[in-house]
Amino acid sequence: LAKITDVTEKKQKEEKINKLLSETLVYNQKLEVNNEELNKLNTELDGFVYRVSHDLRAPIASTMGLVGLAKSENDINRVREYLDLQSQSLKKLDAFIQDILDYSRNNRQELQLESINLFELINEQIAQYQFDIQKNQIEITNSIDPQLIINSDARRLSVIFSNLISNAIRYSNNYIDDSYVKIVAEKIQDYLLISVADNGIGIPDEYKEEIFKMFFRVSDSGKNGSGLGLYIVKETTAKLKGTVEVISIAGKGSTFLIRLPNNPV
Ligand code: ADP
């Protein structure tokens, strides 16, 4: 009997050890996957920091150059020109920092649902760009029903529409004199469809997917921009459980469609 108990005990011990071993194996595999993911994140973060530092330093370098020029200039009108250029560089810097803040806020902050008058929220965003709208002679219409109340996150919606409106203005067509931006919203069953349409320069087919990627810009010439705007729009819309897509014809114009869940108010 003693022998049988002995064998059973031995077997139980063996089983225990085997179980522990296989658990350790699974655990190690998980660690390996986590490690790989961490390495990947680290490389991505590295690339991000490199790119951001580069983009932050460019307007600083330009401002410093202009300060140097202004210092040795006696003609007050030239000095004023240098100051204007400096303020443009600083604006660029400020806009870039704002984009990075919007990006990180969207990742960190919980959703804050509240009742929102979408017509007014969009008007506030349009007001920010009054200067550029007048300068480029763009007719901007907000056709959203002023009675429409939606349940969403006001801060995130502001980020989304501020980016889309600013793009529609910046990428307007300089060769036509009836530039417009039209904003429309409609409730369709369980979702809300909001469109921002322009008759600007449009986006070539091959770039329609690319424009939503971090730092992607169709062309660097002239227009200021960080290449973060539409990436932020995509991430922020996703956080609201919505989608964004673009319909565009190069040379004719673009329409950005935002689909959001129609949460009960
Ligand atoms: P950027 O800071 O360059 O504007 P975005 O991420 O907002 O960055 O946009 C990425 C690119 O998509 C822009 O550089 C531009 O080439 C293109 N784009 C965005 N919006 C429009 C638009 N309304 N019309 C034409 N091109 C656009």
Side-chain angles (χ1 to χ4, degrees), residues 37 41 44 48 98-129 140-171 180-200 202-203 205 207-216 225-249 253-265:
E37 276 169 8
L41 272 179
E44 276 173 14
F48 180 76
Q98 188 58 51
D99 280 351
I100 293 173
L101 284 177
D102 287 342
Y103 165 74
S104 100
R105 242 186 235 128
N106 180 52
N107 280 336
R108 277 186 295 116
Q109 280 182 355
E110 295 291 314
L111 276 188
Q112 284 178 4
L113 295 185
E114 57 179 313
S115 297
I116 298 165
N117 181 318
L118 192 62
F119 173 75
E120 280 172 15
L121 182 138
I122 300 269
N123 273 349
E124 281 163 22
Q125 299 316 310
I126 294 173
Q128 280 189 66
Y129 300 106
I140 186 154
T141 41
N142 176 0
S143 309
I144 297 174
D145 177 1
Q147 309 296 328
L148 176 71
I149 303 292
I150 64 166
N151 188 18
S152 192
D153 183 319
R155 192 160 205 166
R156 286 188 166 86
L157 285 184
S158 302
V159 167
I160 293 170
F161 291 105
S162 161
N163 273 300
L164 292 182
I165 293 166
S166 138
N167 281 351
I169 297 166
R170 278 185 301 131
Y171 301 107
Y180 66 72
V181 179
K182 291 179 179 164
I183 303 153
V184 179
E186 74 183 296
K187 266 185 181 171
I188 303 174
Q189 291 161 5
D190 55 346
Y191 65 89
L192 197 73
L193 186 66
I194 310 158
S195 67
V196 178
D198 66 59
N199 59 346
I203 299 154
D205 276 345
Y207 299 129
K208 281 182 195 160
E209 300 286 322
E210 305 293 307
I211 54 171
F212 294 101
K213 291 186 180 156
M214 196 184 256
F215 298 124
F216 184 87
S226 63
L228 277 176
L230 287 177
Y231 176 73
I232 294 172
V233 167
K234 195 184 80 186
E235 295 284 301
T236 310
T237 311
K239 197 88 174 187
L240 295 174
K241 299 199 167 51
T243 57
V244 54
E245 56 186 298
V246 66
I247 301 167
S248 181
I249 300 176
S254 315
T255 299
F256 284 83
L257 294 169
I258 300 278
R259 219 176 280 255
L260 295 175
N262 183 10
N263 302 317
V265 178

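- Residues Ile203 and Lys208 come closest through the heavy atom pair O-CE, 3.6 Å.
- For the pair Phe256/Ile211, a side-chain contact is recorded, criterion being any heavy-atom separation below 4.5 Å from C-beta on.
- Of the possible donor and acceptor atoms, one in the side chain of Asn117 sits under 3.5 Å from a partner among the backbone N and O of Pro146.
- Considering only heavy atoms from C-beta on, Ile150 comes within 4.5 Å of Leu157 through its side chain.
- Under the 3.5 Å distance criterion, the side-chain polar atoms of Tyr129 are matched with a main-chain donor or acceptor of Ser162.
- Atoms CG and NZ, on Asp145 and Lys187 in that order, are 9.0 Å from each other to the nearest 0.5 Å.
- More than 12 non-hydrogen atoms from other residues, nucleotides or ligands lie less than 6.0 angstrom from CG of Leu101.
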For this session: Step by step, work out the side chain to side chain contact (heavy atoms under 4.5 Å, CB included) result for Ile183 and Ile165.
Result: CA-CA 9 Å; Ile183 303 153; Ile165 293 166; 4.0 Å; yes
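- Here the closest non-hydrogen pair linking Arg156 and Gln109 is NH2-O, 2.6 Å.
- A distance of 5.5 Å separates CG of Asp102 from CD1 of Ile232, quoted to the nearest 0.5 Å.
- Between Val184 and Thr141 there is no side-chain heavy-atom pair separated by less than 4.5 Å.
- Atoms OH and CZ, from Tyr231 and Phe216 in turn, are 15.5 Å apart once rounded to the nearest 0.5 Å.
- Although no hydrogens or angles enter the test, the distance criterion places no donor-acceptor pair under 3.5 Å between the side chain of Asp153 and the main chain of Leu111.
- Here the closest non-hydrogen pair linking Ile116 and Ser152 is CD1-O, 3.3 Å.
- The CZ atom of Arg259 sits 12.0 Å away from the OG1 atom of Thr237 when rounded to the nearest 0.5 Å.
- The two residues Leu121 and Ala154 make their nearest non-hydrogen contact at CD1-O, 3.7 Å.
- Using modelled atom types, one side-chain atom of Asn163 and one backbone atom of Val159 make a donor-acceptor pair closer than 3.5 Å.
- For the atom pair Leu230 CG and Leu164 CG, the distance stands at 6.5 Å (nearest 0.5 Å).
- More than 12 heavy atoms of other residues, nucleotides or ligands shown are found within 6.0 angstrom of CZ on Phe119.
- Contact record, Gly253 with Ser248: O-OG, 3.0 Å, taken as the closest heavy-atom pair.
- When side chains are defined from C-beta on, Leu228 counts as touching Met214, because their heavy atoms get closer than 4.5 Å.
- Note that CD1 of Ile160 is 6.0 Å distant from CG of Leu260, once rounded to the nearest 0.5 Å.
- Asp198 places a side-chain N or O within donor-acceptor distance of the main-chain N or O of Ser254, the cut-off being under 3.5 Å.
- Residue Asp99 comes nearest to Ser226 through the heavy atom pair OD2-OG, 2.7 Å, listed as atom of the first residue, atom of the second, then distance.
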